[in-house]
Number of protein chains: 2
Amino acid sequence: MEAARRRRRLALAIGNSLRELNSQLSLLNYRVGAQLELRDVDLDCLDLIDRLGPLTPSELARMAGLHPATITGILDRLERGGWIARERDPADRRAVLVRIVRERLPDLLRLYAGMNRSMNEIYAGYDESELEVIADFLSRSAKAGRSATDELSPS
Amino acid sequence: MEAARRRRRLALAIGNSLRELNSQLSLLNYRVGAQLELRDVDLDCLDLIDRLGPLTPSELARMAGLHPATITGILDRLERGGWIARERDPADRRAVLVRIVRERLPDLLRLYAGMNRSMNEIYAGYDESELEVIADFLSRSAKAGRSATDELSPS
DNA sequence: TACATATGGTACGACTTTCGTAGTATATGA
DNA sequence: TCATATACTACGAAAGTCGTACCATATGTA
């Protein structure tokens, strides 16, 4: 069947692009981190803190798959740079709540400005239904990534 | 304009999914690396070696944005695990050519099997023209990532 | 050819990061 | 009230990173 072969070829192309995109975004994060004197794992954590709101170091450790003591070091660096703040949890005074310092965010976004501009240009080339297909695909893929990761972890 | 707002919302959703996908794939790589007693940077390099064929440590250092001496350590780990082989370049006997050991690849792919299965299920939900849109989008995004990274590097 | 200079890779050592363990503070349950 | 569990971090050992130096080889010049 000719159609099946075309589909296989497309799936392969998607997989390769996904791999390369992942590789490029990792490298971009690495470079951004270097500019800010942060490690890429620091930026990963900062992203999680931004997306998942104020959370405790333990939760962050679980989400990032890192040892709690490692998180301490990462938070030390992020705090020293003024990217996050550590606050006591009023409900549980053993716990610490990590929150992002929003005033500092523009300094980070500035470094992603080039990427954002390019992405906006790319969006402009698609009509609304195509954008919906893309959004849907990415959302499903992210979910697939989450499941695959969970399967691998011995938790 | 209603349409413009819908487009903005879709662009935002795509950006968020992309961010989360990147985060998830990084985490997946990290977990896969842990299973193989490799660092995630090792896997990044292995991926580059796989995609860009046999290359020298210097080229790899440039592609990965790492110090040449760091590459030595990474290659040592990869070689010790049997993932790559170092060979003298017949054309330039100072140089070393790093090539991937294909026989060892299944051990790596096995760990990505869950992700691959999920992705295949996702592909199955789209028709051919939709897959083309997705492939095109990802390819452009990867290229955008490459440009954005190059802009940030002081090379 | 002979020599100076440039380049590729790695060994070495200083510095940093990571993570297992232990310790302190607080919470929970009997 | 006391025992136990949990949250976080300090500390130290082990590993990773990277600037420098070094050796081998290549390239350019006389």
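Remember, predicted model here, so these are calculated numbers, not experimental data. So that the names make sense, note that chain A is the first sequence line, chain B the second, and so on, each numbered from 1.
Salt bridge annotation for D136(B)-R140(B): present, with a cationic side-chain nitrogen under 4.0 angstrom from a carboxylate oxygen.
Using modelled atom types, no side-chain atom of R99(B) and backbone atom of A85(B) make a donor-acceptor pair closer than 3.5 Å. No side-chain donor-acceptor contact under 3.5 Å links T70(B) to the backbone of L66(B). Side chain of Q35(B) to main chain of L152(A): a donor-acceptor pair is present (N/O by atom type, distance under 3.5 Å, no hydrogens or angles). Under the 3.5 Å distance criterion, the side-chain polar atoms of S139(B) are left unmatched by any main-chain donor or acceptor of A135(B). Although no hydrogens or angles enter the test, the distance criterion places a donor-acceptor pair under 3.5 Å between the side chain of E130(B) and the main chain of D127(B).
In this structure, the salt bridge (charged side-chain N to carboxylate O under 4.0 Å, His left out) partners of E128(B), at least two apart in sequence or on a different chain, are R6(A).
Atom CG of L55(B) is separated from atom C1' of dG8(C) by 14 Å (rounded to the nearest Å). Distance I71(B) CD1 to dG8(C) C1': 13 Å, rounded to the nearest Å. Rounded to whole Å, the distance from CG on D76(A) to C1' on dC19(C) is 14 Å. Per the geometry, CD belonging to E37(A) stands 13 Å off C1' belonging to dT16(C), to the nearest Å. Between the CG atom of L75(B) and the P atom of dA11(C) there is a distance of 11 Å, given to the nearest Å. At whole-Å resolution of the value, CG in L38(A) and C1' in dT17(C) are 14 Å apart. To the nearest angstrom, C1' of dT6(D) lies 13 Å from CD of E59(A).
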Could you list the protein-to-nucleotides 13-15 of chain C atom pairs, N/O on both sides, closer than 3.5 Å?
none

Distance-only donor-acceptor pairs under 3.5 Å for side chains of residues 38-49 of chain A, two or more places apart:
unit_1 : atom_1 : unit_2 : atom_2 : d
D42(A) : OD1    : R77(A) : NE     : 3.4
D42(A) : OD1    : R77(A) : NH2    : 2.8
D42(A) : OD2    : R39(A) : N      : 3.0
D42(A) : OD2    : R77(A) : NE     : 2.7
D47(A) : OD1    : R19(B) : NH1    : 3.3
D47(A) : OD2    : R51(A) : NH1    : 2.5

Sugar-phosphate or base contact per nucleotide [nucleotides 22-30 of chain C; S, B, -; heavy atom under 4.0 Å]: ---BBS---
Protein proximity profile, nucleotides 14-21 of chain D - base contact B, sugar-phosphate-only contact S, no contact -, cut-off 4.0 Å on heavy atoms: --SSBBB-
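Here the CG-CG distance, from D50(A) to L105(A), works out to 5.5 Å after rounding to the nearest 0.5 Å.
Each side-chain hydrogen bond (donor to acceptor under 3.5 Å, both in side chains) pair with one or both residues in residues 106-115 of chain B, not counting sequence neighbours, appears once here: N29(B)-Y112(B), R104(B)-D107(B).
Taking hydrophobic clusters as Ile, Leu, Val, Met, Phe, Trp and Tyr residues chained together by side-chain heavy-atom distances below 4.5 Å, L97(A) does not share a cluster with M63(A).
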